[in-house]
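Structure record follows, encoded as C-alpha cells.
Throughout, a chain's letter reflects where its sequence line sits, starting with A, and its residues are numbered from 1.
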2 protein chains.
Amino acid sequence: MSEHDIFVKSVNRNTLSKQVIEQIVQLLASGQVKPGDKLPPEMELMEKLGVSRPVLREALSSLETMGVITRKTRGGTYFNDKIGSEPFSVMLALSIDNLPAIIEARMALELGLVTIAAEKITDEQLEQLKETIDMIADSEDDNYGVYDKRFHKIIALSANNPVVEGMIFSLLITHEKMDRLIRTRDREITVEHHLAIYHALKKRDPYEAFEQMYRHLSFVREKLLSYEQQWLENTTVLTSDPM
Amino acid sequence: MSEHDIFVKSVNRNTLSKQVIEQIVQLLASGQVKPGDKLPPEMELMEKLGVSRPVLREALSSLETMGVITRKTRGGTYFNDKIGSEPFSVMLALSIDNLPAIIEARMALELGLVTIAAEKITDEQLEQLKETIDMIADSEDDNYGVYDKRFHKIIALSANNPVVEGMIFSLLITHEKMDRLIRTRDREITVEHHLAIYHALKKRDPYEAFEQMYRHLSFVREKLLSYEQQWLENTTVLTSDPM
DNA sequence: TATATTATGATTGTAAGACAAATTCGAACG
DNA sequence: CGTTCGAATTTGTCTTACAATCATAATATA
C-alpha cells in the first residue's frame with residue numbers, strides 16, 4: 001500500500017481533483033472495489049470526499065477519458081472491466097502524423113510479443129492462427145486485411161497479458177490506416193511469412209519465432225514506408241522552412 | 001484531417017467536455033500549435049469554444065492527467081513538450097499488483113526495442129552504453145541499479161521514437177520496485193549480459209542483439225518471478241475462493 | 001540609474017446553486 | 001398481467017462568486 005503511494009504521489013502536484021483521482025484509483029488498486037462495480041452518485045461522493053461538485057467532476061472526467069470509469073446519464077458511474085487502451089489513444093492521435101513511429105512501435109512490440117507467445121500460446125490458438133492463414137490463402141480478391149489483422153491479434157492475446165494487450169490493441173487501430181495505404185498486396189508472401197511464424201510458434205521456438213516475425217515485419221515496414229514516401233512526394237508539405 | 005476525425009470520433013460519445021478534448025488534441029495533431037506553446041486563458045477559451053467554464057475545466061483536467069498540458073496557477077496553461085508516459089501511469093498503478101504482467105510487458109517491449117536500436121543506435125549512444133557497463137563493473141557495493149536502468153534507457157532512446165519512449169518509460173517506473181525485490185545481485189552476470197548486448201549493437205546485428213537481450217531478460221525475469229513467488233507464499237492472499 | 005520591494009491584477013483553483021436532459025423505475029391504468 | 005405514462009434520480013451544463021497564487025509592473029530606495 002505504502003509503496004503504491006509513493007508511486008502515484010509522484011504524479012500529483014496539488015489540486016484537489018488530482019487527489020480525488022488518486023483516491024479513486026487507490027480504491028481499485030487496493031482491491032476495495034472490483035472492476036464492474038458501481039460508484040456512489042456524485043452527491044454522495046462529494047460528501048464522502050469532502051469536495052465540491054466541479055472538483056469531483058473534473059476528477060471523474062479525467063478517469064473517464066483514461067478509460068478507468070464509464071458514466072451514463074442517469075445510469076450512474078461504473079468502474080471498467082478492462083483498462084489499458086484508452087489512455088493510449090490520445091497519444092496515438094497526437095502521433096498519427098508520425099506513421100513511421102507508429103509502424104516501428106508496432107514492430108517493436110510485436111517482435112517481443114511473438115517471443116512471449118512462443119512460450120505461452122495454446123494449441124487452440126495455434127489452430128485459430130492456422131485458420132486465418134487458410135482464409136488468406138483461399139481469398140479470391142485482395143481484401144484479406146481482416147484476417148491479417150486477426151492473425152496478429154491472436155498472437156497478442158496469446159501472451160495473456162493485460163498490459164501488453166492495452167498497448168498492442170491501440171496500435172492495431174492504425175492497422176486500417178495502413179491497410180488503405182497498401183495498393184498491391186502480396187498474398188503469396190504474406191501467406192509464406194505467416195506460415196513460417198506459425199510453424200515457429202508451434203515448435204515453441206522463441207528464437208525462430210522472432211526471426212520469422214522480424215522478416216515479416218521488416219518486409220511490411222519497407223513496403224509501408226515506401227508508400228509513405230511516395231505519398232509525401234506527391235503532397236505539399238508544410239515544413240518550418242518552405243521553399 | 002478527415003481520417004483523423006473518424007479515428008478520434010470513435011472514442012467520443014457525446015458530452016461537451018469530450019468534444020473540447022478532441023478539439024484541443026486536434027489543434028496539436030494538425031500542427032496549428034506546437035509543443036511548448038501557451039494556451040489562451042480559460043476565459044478566452046470559453047468564448048472561442050462556446051462552452052462554460054466547468055466543461056472547459058473538465059476537459060483541461062483530463063488533458064492534464066494525460067500529460068498533454070500543464071497548468072500552473074496564475075502561470076497559464078502550456079502544451080507539454082513530450083507526451084506519452086503519464087496516461088500509462090494510471091494503468092500501471094492499477095496493474096502494479098500484477099508484477100509478472102508488467103515484467104513481461106517490459107520484456108516484450110525491450111526485446112523489440114533492441115532490434116530497432118541495432119539499426120539506429122549512434123556511436124555516441126554506444127559510448128554511453130559502454131560507460132554504464134564500466135560503472136557497474138567498477139561499483140564497489142551492489143547499488144548499481146541506477147546504471148542498470150540507464151543502460152536500458154539509452155537503448156530506449158536510441159530508437160528515437162516518441163511512441164515507444166512513452167511506453168517504455170512508464171514501464172521503467174517499475175524498475176525501482178523491482179530493484180527493491182532483488183536481494184542478491186549478480187554483478188558479473190549483469191556485466192557479461194550487458195556487454196554481449198553492447199557488442200551486438202555495435203555490430204548492428206539485430207538478430208544477435210535480440211538473442212542477447214532475450215538471454216538477459218529471461219534471466220532477470222526468472223529471478224524476479226522467483227522472488228515474487230516467495231513473497232506470495234509468505235503472504236496471505238485474497239482470492240475469489242479462499243480456503 | 002539600478003536594484004529591491006511592494007502592490008496590483010490576471011489567471012487558475014474551489015465552491016454553491018440552479019436548471020436541463022435523459023433514463024430508470026414505479027405507479028396507474030387498461 | 002401487461003402496457004403506458006409520469007415522476008424522480010442521476011449525470012450534464014451553466015452562472016456566479018470568491019480564494020489563492022504569483023507574474024508583472026509600478027514604486028520606492030540605494
Side-chain angles (χ1 to χ4, degrees), chain A residues 8-25 27-28 33 35-81 83 86, chain B residues 8-25 27-28 33 35-81 83 86:
Chain A
V8 179
K9 283 273 169 54
S10 64
V11 174
N12 290 80
R13 282 280 165 264
N14 29 8
T15 97
L16 278 178
S17 64
K18 287 194 176 182
Q19 294 176 30
V20 172
I21 291 177
E22 183 184 341
Q23 289 201 45
I24 296 182
V25 167
L27 233 58
L28 258 179
V33 298
D37 281 3
K38 183 175 183 174
L39 275 86
E42 294 182 355
M43 291 302 182
E44 211 169 309
L45 274 177
M46 284 173 56
E47 293 177 3
K48 284 186 180 175
L49 298 172
V51 296
S52 71
R53 192 139 173 260
V55 168
L56 175 65
R57 284 187 59 80
E58 282 177 25
L60 292 178
S61 174
S62 295
L63 289 171
E64 190 179 23
T65 62
M66 287 193 294
V68 176
I69 62 174
T70 303
R71 294 193 283 181
K72 268 183 282 187
T73 42
R74 161 65 188 160
T77 309
Y78 293 84
F79 286 103
N80 282 340
D81 295 321
I83 28 113
E86 268 93 332
Chain B
V8 178
K9 283 274 167 57
S10 65
V11 173
N12 289 81
R13 283 279 165 264
N14 29 9
T15 99
L16 277 178
S17 64
K18 286 194 177 182
Q19 294 176 29
V20 171
I21 290 177
E22 183 184 341
Q23 290 202 43
I24 295 182
V25 167
L27 233 59
L28 257 180
V33 298
D37 281 2
K38 183 175 184 174
L39 275 85
E42 294 182 356
M43 291 301 182
E44 210 169 311
L45 275 177
M46 285 173 55
E47 292 177 3
K48 284 186 180 176
L49 298 171
V51 296
S52 71
R53 192 139 172 261
V55 168
L56 175 64
R57 284 188 59 79
E58 281 178 25
L60 293 178
S61 175
S62 295
L63 290 171
E64 189 179 24
T65 62
M66 287 193 293
V68 177
I69 63 174
T70 302
R71 294 194 282 182
K72 269 183 282 187
T73 41
R74 160 67 193 167
T77 309
Y78 293 84
F79 286 103
N80 282 341
D81 294 321
I83 29 105
E86 270 92 333

Presence of B:Thr77 side-chain N/O under 4.0 Å of C:dT12 phosphate oxygens OP1/OP2: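 Indeed, a polar side-chain atom of B:Thr77 lies that close.
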
Phosphate OP1/OP2 of C:dG13 contacted by B:Arg71 side-chain N/O (<4.0 Å):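 Checking C:dG13 against B:Arg71, a side-chain N or O does come within under 4.0 Å of OP1 or OP2.
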
Could you state the [atom1]-[atom2] distance from [X] to [N], rounded to the nearest angstrom?
X: A:Gln19; N: C:dT14; atom1: CD; atom2: C1'; answer: 12 Å
X: B:Leu39; N: C:dT12; atom1: CG; atom2: P; answer: 9 Å
X: B:Leu45; N: C:dT11; atom1: CG; atom2: P; answer: 11 Å
X: A:Glu44; N: D:dT10; atom1: CD; atom2: P; answer: 8 Å
X: A:Ile69; N: D:dT10; atom1: CD1; atom2: P; answer: 16 Å
X: B:Glu47; N: C:dT11; atom1: CD; atom2: P; answer: 12 Å
X: B:Lys18; N: D:dT11; atom1: NZ; atom2: C1'; answer: 13 Å
X: A:Glu42; N: D:dT10; atom1: CD; atom2: P; answer: 10 Å

[Y] side chain reached by [X] side chain, heavy atoms, under 4.5 Å:
X: B:Glu64; Y: A:Ser62; result: no
X: A:Ser61; Y: B:Ser17; result: yes
X: B:Leu63; Y: A:Thr65; result: no
X: A:Lys48; Y: A:Pro40; result: yes

Nucleic acid contacts of residues 48-58 of chain A, taken as heavy-atom distances under 4.0 Å to DNA chain D: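 When residues 48-58 of chain A is checked for heavy atoms under 4.0 Å from DNA chain D, the hits, listed by number, are A:Arg53, A:Arg57.
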
Listing time: all N or O pairs from protein to nucleotides 4-7 of chain C that are below 3.5 Å?
none

Can you name the residues that form a side chain to side chain contact (heavy atoms under 4.5 Å, CB included) with [X], not counting sequence neighbours?
X: B:Leu56; result: B:Val20, B:Glu42, B:Leu45, B:Met46, B:Leu49, B:Val51, B:Leu60
X: A:Thr73; result: none
X: B:Pro41; result: B:Glu44
X: A:Thr70; result: A:Asn80

Heavy-atom pair of closest approach, residues B:Leu28 and B:Phe79: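 Minimum heavy-atom contact is CD1-CD2, 3.4 Å.
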
Sugar-phosphate or base contact per nucleotide [nucleotides 20-25 of chain D; S, B, -; heavy atom under 4.0 Å]: -BBB--

Close N or O pairs between protein and nucleotides 3-7 of chain D (under 3.5 Å):
none

Sugar-phosphate only, base, or nothing, as touched by B:Leu16 at under 4.0 Å among non-hydrogen atoms: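 Result for B:Leu16 = sugar-phosphate.
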
